[in-house]
Structure formats: structure tokens, C-alpha cells
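Below is one structure, written out as C-alpha cells; the observations come after it.
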Amino acid sequence: MAVRSSCFPVPDAFELLREQYAKRLPAHLQDLTGPSHGSVDLPLHVAWSGRRSYDVEQARSRMSLYRTVLAEGQCQDLVAFLNRDLLLGQWPVLRTLISRPLRDAWEESFPELAATRGVPAARPLGPESVPLPAGSV
């Protein structure tokens, strides 16, 4: 149970997180000029625990990359590692995999992301987007 005092107002944790994420955002989505092909190796200050190398052309790998960069990256990391078109294409799913303060910061700053809420996610790039022949599973 939290104790609140009118002398010392307790800041709302959600708002604090949302504001922290908002401070790191680029001015425009067009600033996100990261790769749309190949692999990405994240620096330690972004991927400080676990996986650091991602294949942008594989949907799951790309989704993991974007989740990590959105949550841990600074503005220069967002610009360097995220691609505007890929972010828009996978936002309908990606927005469900990130924290609410992070999602709200992005959608409040970039209405084009909020507009994709009900849009089905774009087909993934790479070999997993090719259907397998019948009986090959």
C-alpha cells in the first residue's frame, strides 16, 4: 500500500517512463534510416544482456531487434538501427510486444503509427514468408 502526502506528491511511474521514452524520440519518423536488409550488431549499451546480432530480413529476428532498440536505445540508436518503413509495417504487432509507456510515447509523437492499430501486419521479409510445399512439414 502506497502512502501519499499532499506535501510530497508521488510521481506517476507510468508518466515518468512515458516522458523518458519521449525524450529519446527522433523529430520525424523519416529520420529512421536504419537498414532494411542484412544483419545488425547492436552495441553493448543497447544490447547489454543476451543477443546482440540480428538478421533484419527474418521477421522474428527483426521484431526482437526492434523491441530491444525501442526499449534500450538512445535517439542516435533509434535513427541508426530502425527503418521507418519496417517500423510502420510491423507496428500493429510490435505495439503489443512493448510496454504501454513506450507504445504511448511513440503513438502520441507519431500519429501515423497510431493509425496502423487495426491494420494487419505486413508480410515478413525473408524465407519464412514463402509458403512451404504441401507435405513438406
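The model shown is predicted, which means the values in this text are computed figures rather than measured ones.
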Minimal non-hydrogen separation, [X] against [Y], with atom names:
X   : Y   : answer
M63 : Q90 : CE-CB, 4.0 Å
P35 : Y66 : O-OH, 4.5 Å
L70 : L94 : CD1-CD2, 3.6 Å
E72 : V46 : CB-O, 3.2 Å
D41 : S53 : OD1-OG, 2.7 Å
S64 : Y54 : OG-CE2, 3.5 Å

More than 12 heavy atoms of other groups within 6.0 Å of R84 CZ: yes

Gap between atom CZ of R18 and atom OG of S99 - 0.5 Å precision: 12.0 Å

ILVMFWY network linking L97 to W91, side-chain heavy atoms under 4.5 angstrom: yes

Intermediate values then yes/no, side-chain contact (heavy atoms from CB on, under 4.5 Å), R62 and V40: CA-CA 9 Å; R62 182 176 62 250; V40 171; over 6 Å; no

Would you say the side chain of [Y] lies within less than 4.5 Å of the side chain of [X], judging by non-hydrogen atoms?
X    : Y   : value
S61  : R51 : yes
W106 : L87 : yes
R24  : Y21 : yes

Working for side-chain contact (heavy atoms from CB on, under 4.5 Å), residues E15 and E19: CA-CA 6 Å; E15 283 303 315; E19 289 173 18; 4.2 Å; yes

Check against side-chain contact (heavy atoms from CB on, under 4.5 Å), R95 and L113: CA-CA 9 Å; R95 70 181 303 276; L113 288 175; over 6 Å; no

Ignoring hydrogens and angles, write down the donor-acceptor pairs under 3.5 Å from the side chains of residues 75-83, residues two or more places apart or on other chains.
from	atom 1	to	atom 2	distance (Å)
D77	OD1	H45	NE2	3.1
D77	OD2	H45	NE2	3.0
D77	OD2	Q74	N	2.9
N83	OD1	D85	N	3.0
N83	OD1	L86	N	3.1
N83	ND2	G34	O	2.9

